[in-house]
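Below: the structure, in structure tokens.
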Amino acid sequence: MIVHRLELVDFRNYQEASFDFHPGITAVVGLNGQGKTNLAEALAYLASLDSFRGAPGDALIRAGADQAVVRATVVQPDGREVLVELELSRQGRNRVQVNKQRLGRTRDLLGVMRVTVFSPDDLQLVKGGPGERRRFMDDTLVALALKYDAMRLELDRVVKQRNTLLKQAGGKLDDAGEVTLEVWDAKLADIGDRFGHARAVLIARLSPVVAEAYEQLADRPTPIELRYEPPWRGSGGLAAALAAARTDDLRRGVSTVGPHRDDVELFVNGMPARTHASQGEQRTLALALRLGAHRMVAEKAGSAPVLVLDDVLSELDPTRCTALLRHLPPGQVVLTTAGVLPDAAHPDSIVRIAAGRVEP
Ligand SMILES: Nc1ncnc2c1ncn2[C@@H]1O[C@H](COP(=O)(O)OP(=O)(O)OP(=O)(O)O)[C@@H](O)[C@H]1O
Ligand SMILES: [Mg+2]
């Protein structure tokens, strides 16, 4: 998948700007605060309809403007060129057009463009709470197959409904409440077991791929392992776990077990990365997680997502920088930097930005 051109209108600090990307490596160079991450965010937004910074839609619209437009020409793996136009409004009513045809649901855009983005915030994949890692797993599943987007939304919905019921019950259920809870439990068990299975298969496959990516970056063999072993996935599956947790759930007014509470454990040299790995190891692992997922999605889709590396070079030591640049996966790469490009970078084109403008 290749992005030829990106046009931004009133997106973040861009009033009106257009970028031409090389099918190979494009370096985006600019000082701090000029709009490099904003550009990365716009590219990623087209793929996920979400800000990888976790920003609300409103923050993406330029201060003082009513709406933002993100427009991109994307070449699909089969060679078709597609024009994607996304209009973001302050009220959150986004509109999407593909080849000038309005899509009924914004989410139908998912899959038209695939982007892998790595940013310094990704350190949180290793250092942060389980939510970051759940999002990583689930975003990867969605990139592998769109059916997981619907499954994830359904799972969220069922957990929310179940929680509402538990909260309303205030510690004890009447007969009607019991029946309703049974219904939600059955639904949650069904979708939760399927989703848990998907996550387990993903992590089992991803673990060696991430280990390989890590080894390339670190330039030496390092035992890396990803483990997804939620206790509820034992015998009896989620149904049994929900039954066992029912008293507790009622008392606390919230669903205490299930995929919405899962984590993936990360190990470097047999030790938990969050508490034992060095800063540099944690950064390398975060990058290896992204590169590993990127490789998996590229293999499954038969063509690589656009790889956006935001400010990655400032985060790694010179040896790891060189290793990264030498082992960049095939496909289109957009690489931003506030500093000088290392010799090993060899970009096919350079875009310079300053204060939300592309320099001629
Ligand atoms: N909605 C918005 N409207 C106007 N300006 C905004 C908006 N959101 C962010 N900005 C501005 O965009 C500027 C550029 O931000 P960005 O994060 O892209 O910088 P950067 O080039 O990645 O810098 P760094 O090298 O420090 O990471 C910031 O100065 C920020 O104040
Ligand atoms: Mg930045």
Side-chain angles (χ1 to χ4, degrees), residues 3 5-21 25-72 85-95 115-128 132 279 282-283 286-287 290-291 306-318 320-321 324-325 333-342 345 347 349-360:
V3 183
R5 181 158 234 260
L6 177 75
E7 291 173 14
L8 301 178
V9 180
D10 291 330
F11 184 92
R12 292 282 199 185
N13 68 331
Y14 293 100
Q15 187 169 9
E16 219 177 323
S18 60
F19 309 85
D20 292 302
F21 298 107
I25 303 172
T26 303
V28 177
V29 183
L31 297 174
N32 292 142
Q34 305 305 304
K36 302 180 298 300
T37 301
N38 294 345
L39 169 59
E41 192 178 31
L43 284 170
Y45 197 91
L46 288 171
S48 66
L49 294 167
D50 212 352
S51 157
F52 70 78
R53 298 173 156 182
D58 201 40
L60 307 182
I61 301 169
R62 194 169 66 87
D66 289 333
Q67 57 162 38
V69 177
V70 181
R71 196 178 290 125
E85 293 172 284
L86 189 69
E87 224 178 81
L88 302 159
S89 81
R90 289 218 183 267
Q91 292 73 36
R93 267 179 268 119
N94 298 346
R95 296 203 306 187
V115 172
T116 304
V117 55
F118 176 82
S119 83
D121 286 350
D122 281 340
L123 184 57
Q124 291 306 316
L125 282 177
V126 182
K127 290 189 79 160
E132 309 282 340
Q279 284 273 354
Q282 291 177 337
R283 284 189 200 290
L287 180 56
R290 290 285 181 216
L291 292 174
V306 179
L307 179 61
V308 180
L309 298 170
D310 185 31
D311 218 1
V312 65
L313 302 175
S314 65
E315 300 279 314
L316 301 169
D317 69 31
R320 288 183 187 199
C321 266
L324 168 67
L325 294 167
V333 179
V334 176
L335 186 123
T336 83
T337 182
V340 277
L341 280 167
S349 76
I350 299 182
V351 174
R352 290 179 199 282
I353 55 175
R357 285 171 195 277
V358 179
E359 299 195 323

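Note: hydrogens, waters and symmetry copies are ignored here, and every other heavy atom, side chains too, is used. Just follow the structure's listing: the first ligand is 1, and inside any ligand the first atom is 1.
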Could you tell me whether the side chains of Asp311 and Thr336 share a donor-acceptor contact shorter than 3.5 Å? no
Give the residue, atom name and distance (to 0.1 Å) of the protein heavy atom nearest atom 28 (C) of ligand 1. Gly33 O, 4.0 Å
Tell me the protein heavy atom at minimum distance from atom 11 (C) of ligand 1, and give that distance in Å. Asn13 CB, 3.8 Å
Numbering the atoms of ligand 1 from 1, which are under 4.0 Å from a heavy atom of Leu31? 21 (O)
Specify whether an N/O/S atom of Ser119 falls short of 2.8 Å from the Mg ion (ligand 2). no
Determine, step by step, whether Val70 and Leu43 satisfy the side chain to side chain contact (heavy atoms under 4.5 Å, CB included) criterion, reporting the C-alpha distance in whole Å, the side-chain angles of both residues, the deciding distance to 0.1 Å, and the verdict. CA-CA 9 Å; Val70 181; Leu43 284 170; over 6 Å; no
Quick one: do Lys36 and Asp310 satisfy salt bridge (Lys or Arg N to Asp or Glu O under 4.0 Å)? Show the steps, please. CA-CA 7 Å; Lys36 302 180 298 300; Asp310 185 31; over 6 Å; no
Can you confirm whether some protein heavy atom lies under 4.0 Å from atom 30 (C) of ligand 1, or whether none does? no
Which heavy atom of the protein is the closest neighbour of atom 25 (O) of ligand 1, given with residue, atom name and distance? Lys36 NZ, 2.7 Å
For ligand 1, which atoms have a heavy atom of Asn38 less than 4.0 angstrom away? 12 (O), 13 (C), 14 (C), 15 (O), 16 (P), 17 (O), 18 (O)
For Ile353, is the nearest heavy atom under 4.0 Å from an atom of ligand 1? no
Where ligand 1 meets Ala63 - atom numbers and elements under 4.0 angstrom, heavy-atom basis: 1 (N), 2 (C), 3 (N), 4 (C)
Would the number of heavy atoms belonging to other residues, nucleotides or ligands and lying under 6.0 Å from CZ of Arg352 be above 12? no
Below 4.0 Å from ligand 1: does a non-hydrogen atom of Gln15 turn up there or not? no
Would you say the rings of Tyr14 and Phe19 are close, in the sense that their centroids are separated by under 6.0 Å? yes
Greater than 12 external heavy atoms within 6.0 Å of Arg90's CZ: yes
Check: Asn38/Arg53 side-chain N/O donor and acceptor closer than 3.5 Å: yes
Going by the atom numbers of ligand 1, which of them fall below 4.0 Å from some non-hydrogen atom of Ile61? 1 (N), 2 (C)
Please determine whether side chain to side chain contact (heavy atoms under 4.5 Å, CB included) holds for the pair Gln67 and Asp10, giving the CA-CA distance in whole Å, both sets of side-chain angles, and the decisive distance to 0.1 Å. CA-CA 7 Å; Gln67 57 162 38; Asp10 291 330; over 6 Å; no
Contact atoms of ligand 1, heavy-atom distance to Thr37 under 4.0 Å: 17 (O), 18 (O), 20 (P), 22 (O), 27 (O)
Going through the checks in order, is the side chain to side chain contact (heavy atoms under 4.5 Å, CB included) test met by Leu313 and Leu335? CA-CA 9 Å; Leu313 302 175; Leu335 186 123; 3.8 Å; yes
Does Ala338 reach ligand 1 with a nitrogen or oxygen that is under 3.5 Å from one of the ligand's nitrogen or oxygen atoms? no
For atom 4 (C) of ligand 1, what's the nearest protein heavy-atom neighbour? Residue, atom name and distance, please. Arg12 O, 3.3 Å
Nearest to atom 17 (O) of ligand 1, what protein heavy atom do you find, and at what distance? Arg53 NH2, 2.6 Å
Ligand 1 contact by Gly30, heavy-atom criterion under 4.0 angstrom: no
Check whether more than 12 heavy atoms from other residues, nucleotides or ligands sit under 6.0 Å from atom CG of Asp66, and answer yes or no. no
Tell me: protein heavy atom nearest atom 26 (O) of ligand 1, and distance? Asn32 ND2, 3.2 Å
Work out which heavy atom in Glu7 is nearest to a heavy atom in Ser18; give both atom names and the distance. CG-CB, 3.6 Å
